[in-house]
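What follows is a single structure, written as structure tokens, with notes after it.
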Amino acid sequence: MPKPLSFGQFLRESRESKAASDREFSLRKVAERVGIEPSYLSKIERDEQPPPGEGVIRQLAVELAEDPDVLLALAGKVSSDLLAIIRSRPRLFADLIRQLKNLPDHAVLRLVREVRDGTW
């Protein structure tokens, strides 16, 4: 099984795949649009710096058309809205997540659909 990509590797691959066809995705231009120094973004992509805070990660997700929850998870973070939900019922959500961790994706998706659609 291949080793999962780090936050920095994922970010770099996403940006570089877009940069291959659009010069607006150069490291310098993405960093400028997000409001960080290009050298800082470079260090993040090379895993020489830890992932930035939630706000910068969300901006990067928008710039790169990536799912912010995926980027946050790769960074070892949880979005502030999810954290508030978990904090409201910590024991219940901890148990739920532990129960779901070994289920196959299709079973988790089915459960999510049932809850979302109110068919439970």
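Values reported hereafter were calculated over all heavy atoms of this structure, with side chains retained and with hydrogens, waters and symmetry mates removed. Sequential numbering from 1 along the given sequence is applied to the chain's residues.
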Does any part of the side chain of [Y], heavy atoms only, come nearer than 4.5 Å to the side chain of [X], both counted from C-beta?
X: Ser14; Y: Lys18; value: yes
X: Arg58; Y: Ser79; value: yes
X: Pro52; Y: Ile57; value: yes
X: Asp69; Y: Val78; value: no
X: Leu11; Y: Leu5; value: no

Are [X] and [Y] joined in one hydrophobic group, where the rule is that I, L, V, M, F, W and Y side chains link up if heavy atoms are under 4.5 Å apart?
X: Val70; Y: Val56; result: yes
X: Val108; Y: Ile97; result: no
X: Leu92; Y: Leu82; result: no
X: Val112; Y: Ile86; result: yes

Carboxylate-amine/guanidinium proximity below 4.0 Å for Glu32 and Arg28: no
Salt bridge present between Glu45 and Arg15 (N-O < 4.0 angstrom): yes
Starting at [atom1] of [X], measure out to [atom2] of [Y] and round the result to the nearest 0.5 Å.
X: His106; Y: Arg113; atom1: NE2; atom2: CZ; answer: 10.5 Å
X: Lys77; Y: Leu71; atom1: NZ; atom2: CG; answer: 12.0 Å
X: Leu64; Y: Glu13; atom1: CG; atom2: CD; answer: 12.5 Å
X: Leu83; Y: Phe93; atom1: CG; atom2: CZ; answer: 12.0 Å
X: Leu111; Y: Leu96; atom1: CG; atom2: CG; answer: 7.0 Å

Looking at [X] and [Y], what are the two nearest heavy atoms and their distance?
X: Ala61; Y: Pro68; answer: CB-CA, 3.7 Å
X: Ser26; Y: Ala19; answer: N-CB, 4.4 Å
X: Leu41; Y: Leu27; answer: CD2-O, 3.7 Å

CD/Gln49: more than 12 non-hydrogen atoms of other groups inside 6.0 Å: yes
CG (Asp105) with more than 12 external heavy atoms under 6.0 Å: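 No, CG of Asp105 has 12 or fewer neighbouring heavy atoms, counting only those of other groups under 6.0 Å.
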Gln9 (side chain) donor-acceptor with Ser6 (main chain) under 3.5 angstrom: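 Present.
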Check: Arg46 side chain, Ser42 main-chain N or O, donor-acceptor pair, under 3.5 Å: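 Confirmed, Arg46 side chain pairs with Ser42 backbone.
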Working for side chain to side chain contact (heavy atoms under 4.5 Å, CB included), residues Phe25 and Arg33: CA-CA 10 Å; Phe25 289 95; Arg33 287 193 301 271; 4.0 Å; yes
